Amino acid sequence: MKLHTKYTLGIIAASLFLGSVLSGNTKPNIVFILVDDMPWYGTATQQQEGYGGSAMKWRNTPNIDAIGREGMIFANAYAAAGMCGPSRCSIQVGMTAARTRFSGNGNFGDACTFEVSYIEKAKGAPFLEPEPMGSIHPEFKTIGDVMKEQGYATAHFGKWHAYGGGPEARGYDESDGETSNAEGGPEHCTDPRDPKKIFSMTRSSIDFIERQAKAGKPFFVQISHYAEHSKQMSLPETFEKYSSNPEVKALGVGPAREVAEHAAAVEDMDTSIGMVIETLEELGIGDNTYVVFTSDNGKGLFNGEDRILRGEKWWLWEGGIRVPMSIKGPGIAAGSRSSLNVVGYDWLPTFYDIAGGDVASLEKVDGVSIMPIVTDGNVDGFKDRALFFHYPHHRNTTPHSVIIKDNYKLFNFYELPEPYLYDLKGDIGEVTNITSQMPEKAQSLKRELDSYHQRIGALLPKPNPNASEDYVLFDPAVKVPPVHDLVGGKLPKLDKKKGKMSKEDKRKARAERRNKKA
């Protein structure tokens with residue numbers, strides 16, 4: 001009897017050991033939380049430690065804060081583009097907007113033929129602009145595709161906005177369909193207890209997670225919230241909490257309304273994120289799951305008198321592309337931070353790396369895996385690599401492209417003869433153009449930007465035969481007003497008199513452009 005008991009205990013011990021080994025070899029799960037239109041300072045966590053302007057004091061985000069507190073926060077995280085669709089496409093395929101050619105608004109979905117065409121979007125502008133290809137190209141692999149190749153169950157809930165037939169046509173087992181902005185608007189969100197579909201998409205995500213955990217299958221789920229996008233909605237009691245706050249009311253009618261509406265929507269979203277994280281813990285898979293939080297682009301929202309980023313959505317100024325980002329999971333030290341430049345198109349290779357894929361085998365991918373940074377602080381190559389951004393369109397903007405390398409950021413404003421260079425380390429507000437102080441650095445970055453565009457066949461603006469002498473060129477020296485002067489998060493129209501060039505200056509500028517092309 002004793003021998004039998006000893007044998008049984010031995011079997012149990014061996015089984016526990018084997019279970020432990022198998023558990024250690026199980027591929028990690030991934031929860032990717034992508035929010036819509038959240039500025040860099042859109043949470044209560046300082047994205048840049050010690051810099052008050054990188055957080056918002058009126059927001060309550062304990063669950064988002066916990067992701068950063070239990071993992072790593074990136075101070076210099078960038079969206080792949082300054083607006084939703086192009087950014088989401090780049091995230092899915094790991095490519096820059098210049099390579100995907102999904103660089104702006106328009107030509108969406110089934111209307112996209114992937115044929116190159118040029119239009120005169122701004123009447124009389126010096127250049128015609130390429131129409132964006134508003135859909136994921138059929139030949140591009142998505143995060144869903146590559147994760148399925150590694151044996152993962154895949155799901156996408158919430159806002160897709162990358163077209164291409166929707167998530168289930170692009171490698172995802174389950175989804176809410178080919179959603180865009182409308183599904184997160186008041187026409188579709190009629191349940192007062194489910195503002196912006198925050199809680200229904202969370203329930204779908206939890207159900208997916210529970211089923212995969214029960215089946216013992218690794219999973220990737222993207223939860224794409226509408227909460228911060230226009231026409232904010234929230235639970236009545238959450239909105240009341242902020243709208244009745246004396247400190248918020250003291251901001252004045254316009255700012256107070258904006259702060260209350262956005263803060264309430266974000267707090268409800270944060271509550272739902274807490275529900276997902278709690279589920280992971282209850283299922284016993286929290287320690288084997290990576291949780292990522294970030295935004296698809298920046299936005300110029302009210303943040304009081306704190307120093308703020310220049311520009312907002314659509315622009316490639318820091319206000320349009322710098323975003324909050326944090327990640328927690330296996331091997332990531334709690335409370336860690338990084339100031340290295342990372343970007344939205346890094347996610348596909350990062351997730352593929354987590355899944356055990358060979359990142360070097362990925363074709364035509366611009367992103368890199370950030371796992372060396374988050375797991376062991378390996379910064380080799382990250383400091384010197386270049387990030388590329390491309391917006392050759394008019395939409396409250398002028399056509400422009402950007403290269404960021406280390407702390408230097410160079411703009412190529414296509415309508416202007418010279419690039420603009422900024423040192424983000426000492427000038428995060430992008431106020432002082434240092435091209436004249438560092439001409440060699442400016443030209444070196446410009447050559448690298450041009451070389452990249454040439455190498456990938458980027459669509460660039462081309463001369464407009466109907467250019468007008470009266471067209472007012474954009475002047476980067478005209479200071480963009482601080483956020484607390486914005487109305488509803490939107491810039492006032494540019495004072496054309498301030499940016500107006502004389503006919504003689506226009507003639508010289510055109511001559512300079514011709515000489516450069518010659």
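Predicted model only: the values in this text are computed from it and were never measured.
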**OP:** Applying salt bridge (charged side-chain N to carboxylate O under 4.0 Å, His left out), run through Asp384 and Lys405 and close with a yes or a no.
**Re:** CA-CA 6 Å; Asp384 297 325; Lys405 197 168 186 179; over 6 Å; no
**OP:** With rounding to the nearest 0.5 Å, note down the distance linking CG in Asp296 to CE in Met83.
**Re:** 10.0 Å
Subject >> Ring centers of Tyr414, Phe127 separated by less than 6.0 Å >> reply: no
Subject >> Minimum heavy-atom distance between Ile321 and Leu316, given as atom pair plus value >> reply: CD1-O, 3.5 Å
**OP:** Flag the pair Arg385 and Asp380 as a salt bridge only when some basic side-chain nitrogen lies within less than 4.0 angstrom of an acidic carboxylate oxygen.
**Re:** no
Original post:
CG of Leu459 to OH of Tyr118: how many Å apart, nearest 0.5 Å?
Top reply: 5.0 Å
**OP:** Using only heavy-atom distances, determine whether the side chains of Gln92 and Gln222 contain a donor-acceptor pair under 3.5 Å.
**Re:** yes
Original post:
How about Glu318 and Tyr78: does a side-chain donor come under 3.5 Å of a side-chain acceptor?
Top reply: yes
**OP:** Compute whether any side-chain donor of one residue and acceptor of the other, for Ser369 and Asp353, lie under 3.5 angstrom apart.
**Re:** yes
Original post:
Are the aromatic rings of Phe140 and His137 close, with centres under 6.0 Å apart?
Top reply: yes
Original post:
Can you check whether His390 and His400 have ring centres sitting under 6.0 Å from each other?
Top reply: no
Subject >> Phe474 and Trp315 aromatic centres sub-6.0 Å >> reply: yes
Original post:
Taking atom types as modelled and ignoring hydrogens, do the side chains of Thr142 and Asp145 form a donor-acceptor contact shorter than 3.5 angstrom?
Top reply: yes
**OP:** Let me know which of Lys425, Lys409, Arg310 forms a salt bridge (Lys or Arg N to Asp or Glu O under 4.0 Å) with Glu430.
**Re:** Lys409
